[in-house]
Amino acid sequence: MNVATDGGAPALVIDFDDTRLLAPLFGEHDRHLARIEQRLGLSLVPRGNRVAILGEAHSARVARAALEDLYQRLKGGLEVTVADVDGAVRMAEAQPVAGEAALAAAAPKPRRRRDGKPLEDGQASQGRTTGSEDTLVRTQKRLITPRSPNQAAYVAAMRHHDLVFGLGPAGTGKTYLAVAVAVSMLLEEQIERIILTRPAVEAGERLGFLPGALEEKVDPYMRPMYDALYDMMPGDRVLRRRDAGDIEVAPLAYMRGRTLSNACIILDEAQNTTSIQMKMFLTRMGENSRMVVTGDPSQVDLPTGTRSGLQDAVEVLSGIDSIKMIEFGADDVVRHPLVATIVRAYDRQGKQFTSGR
């Protein structure tokens with residue numbers, strides 16, 4: 001990286017040593033560069049193997065960090081999409097302060113297979129980038145990387161702690177990343193099975209009023225979790241592992257009376273549990289198990305006057321070092337940019353946003 005001038009204006013200039021990577025780095029018709037320009041309000045001028053960054057100093061440093069992150073991602077054999085560009089900018093904007101405390105709190109403990117042998121991590125990158133090995137999640141269909149510092153902290157926490165809470169609004173990747181980490185742990189033989197569960201309560205509806213047998217009534221509530229699985233594993237593999245008992249998707253009520261060992265257990269939509277249900281779920285943990293609890297405290301669909309078990313758990317368990325709670329905000333939303341705007345608008349008004357996620 002050099003400091004140069006362009007027509008008298010100070011500029012940051014980045015030199016890239018592998019010209020083969022410039023086309024995927026810049027994007028078709030330079031759309032990745034245009035995306036960074038749009039987000040940061042500056043100009044990026046590609047010249048040969050260099051990019052000149054023209055703009056306000058802080059924004060220029062963010063752009064440089066994002067481009068360097070994306071370049072390292074390509075050198076590591078990963079692809080770069082527009083969503084990855086947004087993630088790199090988001091991560092770069094948070095450097096060097098935001099996210100560091102959360103990542104430090106997710107201090108690693110040795111990762112082991114279920115036979116007790118250590119799991120090799122290879123050369124883990126110490127930098128907080130979208131392609132950092134410690135936060136790279138490998139599944140059968142894709143490689144998944146965090147797109148915000150809080151997402152990176154969340155992945156690191158799930159890898160290294162037995163109980164993790166992911167709290168925040170829709171579109172922040174709470175459930176998707178939890179399922180991704182669970183799938184990677186299953187493939188790496190750290191666990192024997194994945195258990196995905198949700199309370200069958202949503203938007204004021206009750207199972208008794210829905211048509212069909214119990215399985216048909218429950219299936220729509222479980223569908224988002226199946227969607228995440230199918231995004232990470234071939235459909236036939238999901239079905240085979242489900243039939244073999246390696247993957248279980250069931251309503252929360254089915255967890256009562258069980259001890260869940262050698263498993264990764266994910267409780268989704270936890271804001272719709274009662275305090276009794278939450279305590280029941282948390283006490284199902286057996287040996288060599290990980291639990292992830294996800295939910296949005298602002299979207300409780302329980303009957304009026306019923307206290308959310310998620311709110312209770314956050315209050316009761318906060319401050320316990322071995323339990324990690326990662327809080328997401330509108331800045332972590334990785335869906336359509338309008339979703340983040342909607343979240344902020346409802347936050348300002350102090351209203352609940354109860355549409356489907």
Side-chain angles (χ1 to χ4, degrees), residues 36 39 61-109 111 119 121-139 142-185 188 228 231-232 264 266 290 292-294 323-335 340:
I36 295 173
R39 288 184 62 103
R61 286 194 293 270
V62 170
R64 179 190 66 197
L67 283 169
E68 290 174 344
D69 180 0
L70 294 170
Y71 183 66
Q72 291 302 318
R73 180 182 176 89
L74 289 166
K75 289 185 73 173
L78 302 178
E79 65 176 2
V80 168
T81 66
V82 172
D84 295 320
V85 173
D86 288 342
V89 172
R90 192 180 292 112
M91 298 284 271
E93 286 176 323
Q95 291 179 345
V97 178
E100 289 291 350
L103 282 170
K109 70 179 183 180
R111 300 168 62 201
L119 182 68
D121 280 317
Q123 296 296 321
S125 170
Q126 298 301 312
R128 190 178 68 254
T129 68
T130 60
S132 175
E133 184 67 26
D134 189 50
T135 56
L136 185 67
V137 184
R138 302 178 186 276
T139 68
R142 65 184 61 214
L143 292 172
I144 298 165
T145 55
R147 292 176 180 167
S148 77
N150 279 331
Q151 285 195 353
Y154 185 49
V155 171
M158 289 188 288
R159 287 194 182 281
H160 305 304
H161 293 86
D162 292 336
L163 177 56
V164 177
F165 285 76
L167 311 169
T172 52
K174 305 182 300 296
T175 303
Y176 189 85
L177 288 174
V179 174
V181 170
V183 168
S184 71
M185 292 175 66
E188 292 169 350
D231 205 32
M232 297 162 201
C264 183
I266 300 170
R290 302 283 179 88
V292 183
V293 178
T294 72
I323 298 174
K324 298 304 171 187
M325 297 189 182
I326 307 297
E327 296 189 26
F328 297 92
D331 290 341
D332 299 300
V333 172
V334 293
R335 293 182 183 171

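Predicted model only: the values in this text are computed from it and were never measured.
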Query raised in the report: Can you name the closest pair of heavy atoms from Ala92 and Val62 and give their distance?
Result: CB-O, 3.5 Å

Report summary line: Looking only at heavy atoms, the pair that brings Ala170 and Val333 closest together is O-CG2, 3.7 Å

**Report entry** Sequence-distant partners of Ala63, side-chain contact (heavy atoms from CB on, under 4.5 Å), two or more places apart
**Finding:** Ile36, Leu40, Leu42, Leu44, Ile53

Query raised in the report: Taking it one step at a time, do Met158 and Cys264 satisfy side chain to side chain contact (heavy atoms under 4.5 Å, CB included)?
Result: CA-CA 10 Å; Met158 289 188 288; Cys264 183; over 6 Å; no

Query raised in the report: If we only count heavy atoms from C-beta on, is the Val181 to Tyr154 side-chain gap below 4.5 Å?
Result: no

Query raised in the report: Under 4.5 Å between any side-chain heavy atoms of Arg73 and Thr145, yes or no?
Result: yes

Query - Criterion side chain to side chain contact (heavy atoms under 4.5 Å, CB included) on Ile144 and Met232, from CA distance to verdict - result: CA-CA 9 Å; Ile144 298 165; Met232 297 162 201; 4.0 Å; yes

Report task. Under the side chain to side chain contact (heavy atoms under 4.5 Å, CB included) rule, what do Glu79 and Leu143 come out as? Steps first, then yes or no, please. Result -> CA-CA 9 Å; Glu79 65 176 2; Leu143 292 172; over 6 Å; no

Report summary line: The reported gap from CE in Met91 to CG in Asp84 (rounded to nearest 0.5 angstrom) is 11.5 Å

Report task. Identify the heavy atoms of Pro169 and Phe328 that sit nearest to each other, and give their distance. Result -> CD-O, 3.4 Å

**Report entry** Separation between OG1 of Thr294 and CG of Leu177, rounded to the nearest 0.5 Å
**Finding:** 11.0 Å

**Report entry** Heavy-atom closest pair, residues Pro146 and Val155
**Finding:** CG-CG2, 4.2 Å

Query - Partners meeting side chain to side chain donor-acceptor pair (under 3.5 Å) with Asp331 (sequence neighbours left out) - result: Arg344

Report task. Please examine the side chains of Val164 and Arg290, heavy atoms only from C-beta on, and report whether any two atoms are closer than 4.5 Å. Result -> no

Query raised in the report: Leu163 versus Val293: any side-chain heavy-atom pair under 4.5 Å?
Result: yes

Requested in this report: Sequence neighbours left out, what passes side-chain contact (heavy atoms from CB on, under 4.5 Å) with Ser148? Give chain and number order.
Outcome: Arg90, Asn150, Gln151, Asp332

Report summary line: Shortest non-hydrogen pair, Val292 vs Ala178, comes out as CG1-CB, 3.9 Å

Report task. Run the salt-bridge test on Arg147 and Asp86 with the 4.0 Å N-O cut-off and return the result as yes or no. Result -> no

Query raised in the report: Just wondering, more than 12 heavy atoms not from Gln72 lying within 6.0 Å of its CD?
Result: yes

